[in-house]
Amino acid sequence: MAQVYLRRLSRWQAEQQREAVADVYVSAYHGAAGAEYRDRQGFLTRFEKHGRQPDFDMVVADSGGLVGCLYGYRADRTGDWWAGFRGEVPTEFEELTASGRAFVLAELMVLPAHRRHGVATDLRTRLLARHDTELIVSAVPRPGPAVPEAPGSALLRSWGWLDLGTSGPGDAPGASDRQVWVRRPVR
């Protein structure tokens, strides 16, 4: 496998690379046959919205072209990120969010040929190195009967994250319930 290089993108650079990132998204998450356009457009809509969030940050993996990407942002202090959570959000997590000390890992994608080579872990390490937060949160599609565990859940579990519970659908049209994961940064 060719060497993979990581690089951080500014908000402006991320916007300039949006089409290449969308290509990686579609290739990494083969949607239902014939749904590639809808999946791509849904991703681009979310990417634009996420790119306007406070402290948006992005790292890409490159090996003669983009092979992976991870981006996130500081959770909105209003606590809107927790809207739709089923159950009770621990008071401590609400307080960390309200004080601006929660960071959302919004999207992780790695092309299938580059998976299981540490690319996702390297992207995570590089992205979180600059953020002084006390809580990291993420949400992945909730597994269903056909898929007992979503791939994102397996990865977050392997990283030592805690499955906090279920939230309502994300911000994508036709989205399903999400599984919410949390982690305290390792210092």
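Atoms considered below: every heavy atom in the structure, side chains included; atoms not considered: hydrogens, waters and symmetry mates.
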Kindly indicate whether the side chain of [X], heavy atoms from C-beta on, has any atom under 4.5 Å from the side chain of [Y].
X	Y	answer
Met58	Val21	yes
Leu155	Leu108	yes
Asp122	Val59	no
Ile136	His131	no
Trp81	Tyr73	yes
Val110	Leu123	yes
Phe93	Val137	no

Looking only at heavy atoms, which two atoms of [X] and [Y] are closest? And how far apart?
X	Y	answer
Phe56	Ala14	CE2-CB, 3.8 Å
Ser63	Gln3	OG-O, 3.1 Å
Pro112	Ser27	CD-O, 3.8 Å
Gly72	Leu127	N-CD2, 4.1 Å
Ala106	His50	CB-ND1, 3.8 Å

Give a yes or no on whether a salt bridge exists between Asp23 and Arg40, defined as a side-chain N under 4.0 angstrom from a carboxylate O.
yes
To the closest 0.5 Å, what do you measure between [atom1] ([X]) and [atom2] ([Y])?
X	Y	atom1	atom2	answer
Phe103	Arg130	CZ	CZ	9.0 Å
Gln179	Thr166	CD	OG1	6.5 Å
Arg183	Leu105	CZ	CG	11.5 Å
Leu96	Thr133	CG	OG1	9.0 Å
Leu111	Cys69	CG	SG	10.5 Å

Salt bridge (Lys or Arg N to Asp or Glu O under 4.0 Å) partners of residues 3-14, not counting sequence neighbours, each pair once:
Arg7-Asp62, Arg8-Asp57
Quick test of your reading: applying salt bridge (Lys or Arg N to Asp or Glu O under 4.0 Å), list the pairs with at least one residue in residues 65-81, sequence neighbours left out, ordered by first then second residue.
Asp55-Arg74
Can you list everything that forms a side-chain contact (heavy atoms from CB on, under 4.5 Å) with [X]? Sequence neighbours excluded, please.
X	result
Gln13	Leu9, Ser10
Ala102	Ala75, Thr97, Leu135
Glu88	none
Glu107	Tyr25, Tyr29, Phe43, Arg46, Tyr71, Met109

What pairs with [X] under side chain to side chain donor-acceptor pair (under 3.5 Å), at least two apart in sequence or on another chain?
X	result
Glu15	Arg18
Arg52	Glu48
Thr121	Trp159

ILVMFWY cluster, Leu162 and Trp82 together (side-chain gap under 4.5 Å)
yes
Taking only residues two or more places apart in sequence or in another chain, which ones pass salt bridge (charged side-chain N to carboxylate O under 4.0 Å, His left out) with Arg126?
none
